[in-house]
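Contents: one structure, followed by commentary.
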Amino acid sequence: MNQVIPAAWRFSSLPAAVSKKIQAPALPFSSHSYRQPTLPTHKDFMMRITVDAASVAELRRIIVGTCGDLMIYMRVKPVDHASKMKFWLCLSKGSIDAVIGNIMRALPQAEFGRITPLLPA
């Protein structure tokens, strides 16, 4: 099935009518190296949550169990001399309601902050 094509074979050795029909494959994108500006999309949101330091493991378990791979990132920072922990979650829009509902059921003392859309860079 595999054929060996000699190195000396070129398109120029074909008849003119055939070589005009053979073209280089078209690229699916332009060859320009500049970046096209993108419009902001509101698919991802930043959500802020504050919980007691003792509830950190439970909150992480709820977030990972609810969102799984829909969570983009999670940042945790101690506040009030480490008696409370502040979470920043970057989630897809579809997972926010489920996360809030599960957190409110398991950790009623959790404090929810702003939920803001992330703008693309």
Side-chain angles (χ1 to χ4, degrees):
M1 201 67 191
N2 293 339
Q3 296 179 355
V4 177
I5 299 173
W9 185 83
R10 299 193 194 305
F11 286 118
S12 61
S13 64
L14 293 173
V18 175
S19 63
K20 287 181 182 176
K21 291 182 182 179
I22 299 175
Q23 298 175 358
L27 296 174
F29 52 89
S30 67
S31 61
H32 299 296
S33 61
Y34 63 89
R35 196 172 161 186
Q36 295 287 336
T38 58
L39 297 174
T41 58
H42 299 289
K43 291 189 229 177
D44 301 327
F45 286 79
M46 176 71 70
M47 183 166 72
R48 294 169 186 88
I49 305 168
T50 304
V51 295
D52 295 330
S55 303
V56 170
E58 179 68 14
L59 181 59
R60 283 185 179 177
R61 186 190 65 75
I62 293 167
I63 293 168
V64 171
T66 304
C67 303
D69 57 349
L70 297 176
M71 181 179 58
I72 299 165
Y73 72 86
M74 173 175 28
R75 178 180 175 211
V76 182
K77 178 183 172 187
V79 292
D80 295 339
H81 302 290
S83 65
K84 291 191 176 193
M85 300 292 266
K86 187 177 279 192
F87 279 72
W88 286 268
L89 299 175
C90 185
L91 303 166
S92 65
K93 185 177 183 177
S95 61
I96 289 177
D97 291 336
V99 169
I100 289 174
N102 289 341
I103 292 171
M104 288 174 69
R105 272 187 235 105
L107 300 170
Q109 75 277 9
E111 300 169 16
F112 292 91
R114 286 185 175 181
I115 300 175
T116 56
L118 291 179
L119 299 177

Subject >> Side-chain touch V76/L59, heavy atoms, less than 4.5 angstrom >> reply: no
Subject >> Distance, nearest 0.5 Å, that separates SG of C90 from CE of M74 >> reply: 12.0 Å
Subject >> Approximate separation, where rounding is to 0.5 Å, of K93 NZ and I115 CD1 >> reply: 11.5 Å
Subject >> Sole candidate of K86, K84, R48 that passes side-chain hydrogen bond (donor to acceptor under 3.5 Å, both in side chains) when paired with E111 >> reply: K84
Original post:
Looking only at heavy atoms, which two atoms of A106 and I62 are closest? And how far apart?
Top reply: CB-CD1, 3.2 Å
Subject >> Interatomic distance, L107 atom CG to I49 atom CD1 [nearest 0.5 angstrom] >> reply: 9.0 Å
Original post:
Under a single-linkage definition using a 4.5 Å side-chain heavy-atom cutoff for Ile, Leu, Val, Met, Phe, Trp and Tyr, are V56 and V79 assigned to the same hydrophobic cluster?
Top reply: no
Original post:
Rounded to the nearest 0.5 Å, how far apart are CD1 of I72 and CG of L91?
Top reply: 7.5 Å
Original post:
Shortest non-hydrogen contact from D44 to S92?
Top reply: OD1-CA, 4.0 Å
Original post:
Roughly how far apart are L89 CG and M46 CE, rounded to 0.5 Å?
Top reply: 8.5 Å
Subject >> Distance in Å, Y73 OH paired with R75 CZ, rounded so as to fall on 0.5 Å steps >> reply: 8.0 Å
